[in-house]
Enquirer: 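Structure below; questions to follow.
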Amino acid sequence: MGKAIFQALNDFLSRTHDMGAFVVDFSDNSFDVMSEGVFSAILDGSINPLEQLAESSRIHEADRVVLGAFCRDLLGSNKIPIHEDHFSVSFRGLVSDIPADTDYKWITLTAVIDRDESLMAKCVIGHLKMMNNAEILNKIIIDSFTNDKHPQVFNNQAKRIIDDESRNAAIIQFDIENFKLINVRYGEEKGTEILNYIKNGLDTICTDKQVYTRLSADVFMIAMSYDKPEEIERLISRIEDRLGIFGDISYKLVFGVNIITDRSIPMRKMGDRAAMARQSIKGNALKNVCYYSDNQENKLVTKKFIEDRMDYALEHGEFVMYLQPKYSISTAGVVGAEALVRWIHPEKGMLPPVEFISVFEKNGFIIKLDEYIWEQACKAIRGWIDSGVQPVPISVNISRVHLTDEKFIDVLDRLIEKYDIPKNMIETEITETVENAGDSEVIKRLKERGYMLLMDDFGSGYSSLNMLKSTPFDVIKIDRDFFSEFMLSDRGKKIISHTISMSKDIGLDMVAEGVETKEQAEFLKNCGCDVAQGYYYSKPVPINDFERLVYDDWIATD
């Protein structure tokens with residue numbers, strides 16, 4: 001059938017000077033080429049035309065990669081979804097046989113896959129045509145309109161796809177992770193080449209049911225219709241496979257997908273939801289595709305509220321230091337406290353730390369907040385000393401953001417000097433991670449400056465046992481989840497017991513977090529761990545309530 005169609009096409013094209021055609025038969029890998037006239041320089045009929053176009057040096061350098069990928073896709077036509085049979089790509093080629101002629105002409109290659117009754121690809125029929133001036137101008141206009149300055153063409157095309165209720169619809173948005181680093185490392189010109197490569201590549205990947213635009217910089221968006229969800233996954237895979245590397249430069253593409261459930265909402269909002277999904281996995285080493293859910297929109301609203309309010313909240317005292325007592329299990333007395341932050345909004349009440357701490361760590365505000373809590377802790381200790389009572393040490397958290405610059409140690413030193421308190425009254429808590437593993441110079445410098453070091457969340461994630469041999473820390477705080485989970489079995493209890501015993505043998509003190517029952521407290525005492533904090537003793541409380549716990553009827557004055 002393919003040969004018969006080709007013969008009819010050949011008869012027609014033989015009467016036209018600026019057209020060409022070919023057929024590639026998959027049954028026996030044979031081919032036939034009709035390339036008389038202007039296309040004889042590009043297709044000479046000596047080798048498979050798809051292979052020749054894919055490797056031809058007569059194709060403009062800027063179009064060579066895209067055309068090559070297009071032709072190689074057609075050579076593997078059995079992998080192309082059955083509903084995709086018609087493809088087109090435009091490229092520039094040298095059609096003259098004159099060696100000195102470098103006048104590249106715009107050419108359109110249209111390919112149709114002919115399938116048998118079982119829908120397997122039988123052959124590819126190709127049609128080459130010189131683009132006329134009107135077509136070239138139209139391409140330039142479309143290219144200029146499908147960018148960040150003129151998205152209306154895309155919006156109109158996308159709306160037609162989404163309004164077709166006979167098929168499902170989705171919006172896909174993707175970008176290059178850490179694209180700025182590519183510009184820094186390889187130069188902005190190379191970055192522009194990569195963006196053009198992706199844009200041109202989408203020309204060959206997207207069908208008439210998949211329209212795309214470049215929103216801005218390295219962010220691209222696709223509107224598509226589909227019958228089965230696998231079609232979305234297949235499209236994403238093709239984009240990754242085809243466009244995830246440029247020459248010897250590889251990069252990670254990150255995708256957000258919004259399955260359209262309400263076709264009446266504005267196009268901008270549909271795109272925003274795909275963007276939310278994409279942004280939610282930024283920096284995730286294990287995931288590069290995320291589907292939108294309503295929860296992501298709620299998180300975005302919360303994040304915006306937090307960032308809009310954070311400076312005002314700090315200036316107007318909405319952040320409050322709470323203290324969670326540390327108890328001696330043997331004496332039942334308070335031996336210290338951990339300073340924690342609570343955000344008390346005048347209308348919303350107390351906001352959960354889990355909502356705002358991660359936001360502050362990402363945007364850097366955690367530095368201001370940490371330093372504010374450090375000062376509140378120093379001020380509390382100064383107040384106890386002035387009131388003639390024996391102060392207990394307060395441990396303050398050092399965010400991992402601080403560990404990139406040791407200047408924070410100077411801030412601590414100045415606060416201790418300002419309030420004239422003993423340095424051993426302020427202890428520093430740091431979460432041990434792969435990034436700051438025990439040999440961190442900043443942590444060592446903190447130790448050299450005379451601060452007590454507490455390793456927070458011991459046993460969570462990172463292989464903490466391995467680094468105990470060289471740790472500069474003085475105290476290990478057993479993670480609450482590690483502790484509660486291991487307490488559920490005899491084997492787990494033995495692990496806790498041996499961990500405590502080993503730590504004491506090498507001179508490390510222990511604090512157990514998340515102690516919630518008398519049984520847990522007794523178990524820790526028998527294992528040799530005498531300091532604990534948790535709801536069995538007290539939840540975090542405002543400073544006035546803490547002072548009542550520690551000093552009986554002594555109440556601090558404002």
Enquirer: Which of parallel (below 30°), tilted (30 to 60°) and perpendicular (above 60°) describes F360 and F356?
Expert: tilted

Enquirer: Taking only residues two or more places apart in sequence, or in another chain, which ones meet D248 in a salt bridge (Lys or Arg N to Asp or Glu O under 4.0 Å)?
Expert: none

Enquirer: Will you find, in the side chains of N288 and E240, an N or O donor that is under 3.5 Å from an N or O acceptor?
Expert: yes

Enquirer: Of all residues at least two apart in sequence or in a different chain, which pass the side-chain hydrogen bond (donor to acceptor under 3.5 Å, both in side chains) check with K209?
Expert: none

Enquirer: Give the intermediate values and the outcome of side-chain contact (heavy atoms from CB on, under 4.5 Å) for residues L314 and K368.
Expert: CA-CA 9 Å; L314 185 61; K368 289 184 179 181; 4.1 Å; yes

Enquirer: I'd like to check the side-chain hydrogen bond (donor to acceptor under 3.5 Å, both in side chains) partners of K304; sequence neighbours left out, ordered by chain and number.
Expert: D308

Enquirer: Taking ring-ring contact (aromatic ring centres under 6.0 Å, His included) as the definition, give me every residue that meets it alongside F305, ordered by chain and number, with sequence neighbours left out.
Expert: H345

Enquirer: Applying salt bridge (Lys or Arg N to Asp or Glu O under 4.0 Å) as the test, list every pair that has at least one member in residues 181-193; sequence neighbours left out.
Expert: K190-E193

Enquirer: Just jot down the ring-ring contact (aromatic ring centres under 6.0 Å, His included) partners of Y251, sequence neighbours excluded, or say none.
Expert: none

Enquirer: Could I get the full list of ring-ring contact (aromatic ring centres under 6.0 Å, His included) partners for W106, not counting sequence neighbours?
Expert: none

Enquirer: Listed by chain and number, what are the salt bridge (Lys or Arg N to Asp or Glu O under 4.0 Å) partners of K287, not counting sequence neighbours?
Expert: none

Enquirer: Once side-chain hydrogen bond (donor to acceptor under 3.5 Å, both in side chains) is applied, do any residues pair with N183, and if so which ones, sequence neighbours excluded?
Expert: none

Enquirer: Please name all residues satisfying salt bridge (Lys or Arg N to Asp or Glu O under 4.0 Å) with R92, sequence neighbours left out, ordered by chain then number.
Expert: D63

Enquirer: Taking salt bridge (Lys or Arg N to Asp or Glu O under 4.0 Å) as the definition, give me every residue that meets it alongside E307, ordered by chain and number, with sequence neighbours left out.
Expert: K303

Enquirer: Which residues pass the side-chain hydrogen bond (donor to acceptor under 3.5 Å, both in side chains) test with E429, not counting sequence neighbours?
Expert: S395, K477

